[in-house]
Every structure is written in C-alpha cells, then in structure tokens.
Number of protein chains: 2
Amino acid sequence: MPDLIHDGDSAAAVSSLRSAVMLLGRRLKHQRVDESLSPTEMSVLGTLARCGSATPGELARKEHVQPPSMTRIVALLEAKGLVRLEPHPDDRRQKMVSRTEQAEAMLAESRDKRNAWLANLAEGLDEDEWDTLRAAAPVLEKLAHL
Amino acid sequence: MPDLIHDGDSAAAVSSLRSAVMLLGRRLKHQRVDESLSPTEMSVLGTLARCGSATPGELARKEHVQPPSMTRIVALLEAKGLVRLEPHPDDRRQKMVSRTEQAEAMLAESRDKRNAWLANLAEGLDEDEWDTLRAAAPVLEKLAHL
DNA sequence: CGCTGGTATTTAGCATTGCTAATGAGTTAC
DNA sequence: GTAACTCATTAGCAATGCTAAATACCAGCG
C-alpha cells in the first residue's frame, strides 16, 4: 500500500486538520438550543434518533459512559419528557428507551441552529474556498466514521 | 455579495461538515497523552504556548471560564510542575503565569499523539480522497478562526 | 425442579470540575 | 486621601462522571 500521508506536506496537513477540527468542534458544541440539556443528554438523543430505540446498556456503550451514569441520564431525560421507557419484550431485566416527538423537534431545532451558525461563519469564505470545502465534506464524514 | 451557501447542495454540505467535525472532534479529544490532566488544563497549557504568558484573569477570559475556576486550575498545574507563577511587574494584584519546559514537552507529545492517531485513521482513505482533504485543511483552519 | 453463574439495571457514595457570592489586597480617579 | 474599581482568592454549591455493591432476572446443568 502506498504510504500516502508520511511526507512532510501531509504531516502539515494532518496537523492543520487536527487543530481546525478540534477548534471548530469546540465552537460548534457551544451552539446549544436548550441550555437545560447537557451535551451528553443531547448526544443520547442523537443516538436514539439514529438507532430508533435501545436499552440503557447499549446506550452506555455507544456513548462511552458507564451503565450507572446512563441510568441517571435516562431518568433525567424521561423527567423532561424527551424519552419513553417501555419493558423489553424478551428480557424483563432490560428496558427499551425511545425518544418522544418532543425530542425529535428539539433535535431538528438543534441541528438547524448549528447549521445556521456554521453557514453564517462560512459567509466569510470566498467562492473557491467554499467549493473546496464542499468537496471535502463527504471525505471528512467518511474519515470521521472510520 | 453572492449568497454562496444557501442552495440545497450547500445546505447538505454544511450539515455534513457539521456532523463530521463534531464527531471527529470528539474522537480527537479522547486521544490524551496524560490521563491526569483535564481537557481544560490541557487547553490552558495550549493557550500559554500560543501567548507566552498571561495573568489568571486573561486565561479565564480566553478559556471562557470564571476567574475562581482558573485560580484552581493554575494551582493544580503549578503543583504538577507545568506552570510557573511570578509576580506581575506593574501590578502587585496580578500574577504572571507561564509554562515550564516540562509543559512544553508534554504539549509536543500530545500534538504528536493526536496527529499520529489522525494520520493512522487517514490511511483508510484512497489517494484522491486524501488529496481533497489536503486541499481543504487550510480552508478549514481559516473557517475555524473566523 | 433447584442451584449456580452470568448479565442488566439500579442504588449509594465519592471525585472532579464548573459555578456564584463574598473577602482581601492593590490600584486609580476624583 | 478617600471612594470606587479590579484582580485573585476562599467558601460553599451543583452538575456529571466514576466504582462498588445490591437487586432482579435469565440460562444451563445436575
């Protein structure tokens, strides 16, 4: 396999990419639609939006959080009316957690807010730069999921 | 000014960019060289690396943290031998905080580790994809600093 | 069936890290 | 020279993560 990324130029690109992604990620994280939800709670709702529904244990693994922490997060989300808890069909030890319509609306609003913030920021780029980013977006997405 | 980013394609690109950056940022954040340092402590050291030295108040503003929190962070960093405290030349209320050589080494190691992690991830891309990212890196960096 | 071991969740208690309010020292403007 | 302001700190609180232990349940084997 050709060792694509170990020349000097590419090392610089990796470093530049790293710092840009970290900084932009931090700034995006601060754009929150609901101050009463912690980042982890938001993240759990996002996961539920992707997966439909899951047990607390599954959620804990996906969010890299310990099961007891997830228990509390789910309890808080339920108290806020953002998730529903139902008995697991096959195993009475487990529960099924799923999001409510209210959560759905909040997630959409949140995505929209962050997209708008980023789009607004991108107004500061010229046309060529924006073309470059548009081409890079799917690649970056692939990279993030590798 | 031409409204570059409000067509459908660009909206999709913004959304894709947003989610990729957030996910990649989260994953990068987990690549820590020293588990005993919190992300904020690392960030303070990074700021000191960029700025040379600063007062606790300046650091608090830059890190978007309240002054009392910065007092504790600086105290912890000092206890770990990563920063030095000196009296302010002009104002005896203030102190000057600067990093030690040990902090410098740690920062370099941390950058290297995250770069290596990202470079390793990028091995999963093909040549064209990597070219695209290399072109996008400086643009992304500009965007992050806008 | 009944026991033994394993898994899912929860409870209890603790550590970390942020905050606000109040204090003390030092500076600045009138 | 004093009143008002600023900087750093102390004290105490809230949020959010963790580990260890408890509870409830499932699965397999005699």
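To find a chain, count down the sequence lines: A is the first, B the second, and so on, and within it residues start at 1.
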Atom CD of B:E35 and atom P of C:dT17 are separated, to the nearest Å, by 12 Å
Length of the line joining A:Q94:CD and D:dA27:C1', which is rounded to integer Å
14 Å
Base, sugar-phosphate alone, or nothing: which one does A:P67 contact when heavy atoms must sit under 4.0 Å apart?
base
Side chains of B:T132 and B:E129: any donor to acceptor distance under 3.5 Å?
no
Measure from CE on B:M96 to P on D:dC7 and round the result to the nearest Å.
14 Å
So, B:Q66 and B:S69: side-chain donor and acceptor under 3.5 Å apart, yes or no?
no
A:M22 reachable from B:L48 in the ILVMFWY side-chain graph, under 4.5 Å edges:
no
Sugar-phosphate only, base, or nothing, as touched by A:S38 at under 4.0 Å among non-hydrogen atoms
sugar-phosphate
Can you check the B:H88 NE2 to C:dT27 P distance for me, whole Å?
11 Å
B:D91 versus B:Q94, side-chain donor and acceptor atoms under 3.5 Å
yes
A:P68 has a side chain; which of D:dT19, D:dT9, C:dA25 sits nearest to it?
D:dT19
Using a 4.0 Å heavy-atom cut-off across all strands, classify A:T71 as base, sugar-phosphate, or nothing.
base
Euclidean distance, atom NZ of residue A:K95 to atom P of D:dC26 [Å, nearest integer]
14 Å
Testing C:dG26, C:dT9, D:dT19 for proximity to the side chain of A:Q66, the answer is D:dT19
Side chains of A:T40 and A:E63 only: does a donor on one sit below 3.5 Å from an acceptor on the other?
no
Using the closest heavy atom to pick a nucleotide of DNA chain D for each, name whichever of A:I73 or A:D90 lands nearer the 5' end.
A:I73
Whole Å only: how far is the CZ atom of A:R92 from the P atom of C:dG6?
22 Å
Does B:T55 place a side-chain N or O at less than 4.0 Å from the phosphate oxygens OP1/OP2 of D:dC7?
no
Roughly how many Å is it from CG in A:L76 to P in D:dG17, rounded to a whole number?
10 Å
State whether the distance check finds a donor on one side and an acceptor on the other, under 3.5 Å, for side chain A:R93 versus base C:dT7.
yes
What's the closest nucleotide to the A:D91 side chain, out of D:dC26, C:dT10, D:dC18?
D:dC26
Can you measure B:R72 atom CZ to C:dT20 atom P for me and round it to whole angstrom units?
13 Å
Of B:M70 and A:V65, the one whose nearest nucleotide on DNA chain D sits closer to the 5' end is B:M70
